[in-house]
Amino acid sequence: MSATKIMSALEAAHLQNPAAGLAAKSGFLEWLFCLPDGANASIEARKALQGLDGAPVCSDAGAQFLEYLRDAARPLVSPGRRGGASGRRRVLH
């Protein structure tokens with residue numbers, strides 16, 4: 001299901017916390033699991049946010065759904081090597 005349809009449903013539901021949080025999480029997971037195989041969730045989340053850009057958010061569930069998308073849009077940082085023993089030798093000598 002598209003992020004736009006999920007957002008519309010969340011906005012129409014008029015839920016309050018904690019039900020809003022559960023609905024937002026369920027909507028995000030539905031969006032995530034409906035992505036095509038091999039899709040990059042970070043890139044797809046950025047596309048979804050662009051599609052939702054400018055849409056008014058009035059409900060708690062809609063705001064939380066947007067937060068989930070923003071979190072997913074951030075690229076993961078892969079750990080880099082710091083050098084281990086050879087790195088320490090370079091610093092000490």
Side-chain angles (χ1 to χ4, degrees):
M1 183 178 270
S2 73
T4 308
K5 288 182 182 179
I6 294 170
M7 180 60 94
S8 297
L10 291 173
E11 287 290 310
H14 300 293
L15 299 170
Q16 300 297 320
N17 287 330
L22 291 173
K25 187 181 290 187
S26 297
F28 174 75
L29 290 174
E30 181 175 346
W31 171 83
L32 184 64
F33 290 132
C34 288
L35 292 177
D37 288 341
N40 185 325
S42 180
I43 293 170
E44 294 298 324
R46 282 187 226 122
K47 289 179 187 176
L49 286 169
Q50 288 174 351
L52 294 172
D53 192 32
V57 178
C58 302
S59 69
D60 292 339
Q64 290 180 15
F65 178 68
L66 280 178
E67 276 303 308
Y68 285 129
L69 283 176
R70 286 186 190 111
D71 288 343
R74 288 190 208 116
L76 295 176
V77 178
S78 60
R81 289 191 51 132
R82 294 183 294 193
S86 64
R88 286 189 295 276
R89 279 193 295 273
R90 277 190 301 239
V91 173
L92 295 175
H93 301 308

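These figures come from a predicted structure and were not determined experimentally.
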Margin query: Please find the pair of heavy atoms, one from A73 and one from S42, that lie closest to each other, and give the distance.
Written below: O-OG, 2.9 Å
Next item on the list: Following the transitive rule for hydrophobic clusters with a side-chain heavy-atom cut-off under 4.5 Å over Ile, Leu, Val, Met, Phe, Trp and Tyr, establish whether Y68 and I43 coincide in one cluster.
Entry: no
Next item on the list: Ignoring hydrogens and angles, tell me if any N or O in the side chain of Q64 forms a donor-acceptor pair with the backbone of K25 under 3.5 Å.
Entry: no
Note to self: Rounded to the nearest 0.5 Å, what separates atom NZ in K5 from atom CG in L10?
What the structure shows: 14.0 Å
Next item on the list: State the CH2-CD1 distance between W31 and I6, to the nearest 0.5 angstrom.
Entry: 8.5 Å
Checklist line | Single-linkage hydrophobic cluster F28~L66, side-chain heavy atoms < 4.5 angstrom | finding: yes
Next item on the list: Taking all non-hydrogen atoms of both residues into account, name the closest pair between A23 and L15 and its distance.
Entry: CB-CD1, 3.4 Å
Note to self: Taking L22 as the starting point, is it possible to reach L69 by hopping between hydrophobic residues whose side chains are less than 4.5 Å apart?
What the structure shows: no
Note to self: Are the side chains of E44 and C34 in contact, using a 4.5 Å heavy-atom criterion?
What the structure shows: no
Check: Should V57 and M7 count as side-chain neighbours, where that means a heavy-atom distance under 4.5 Å?
Finding: yes
Next item on the list: Quick one: pull up NZ in K47 and CG in L35 and give me the separation to the nearest 0.5 Å.
Entry: 10.0 Å
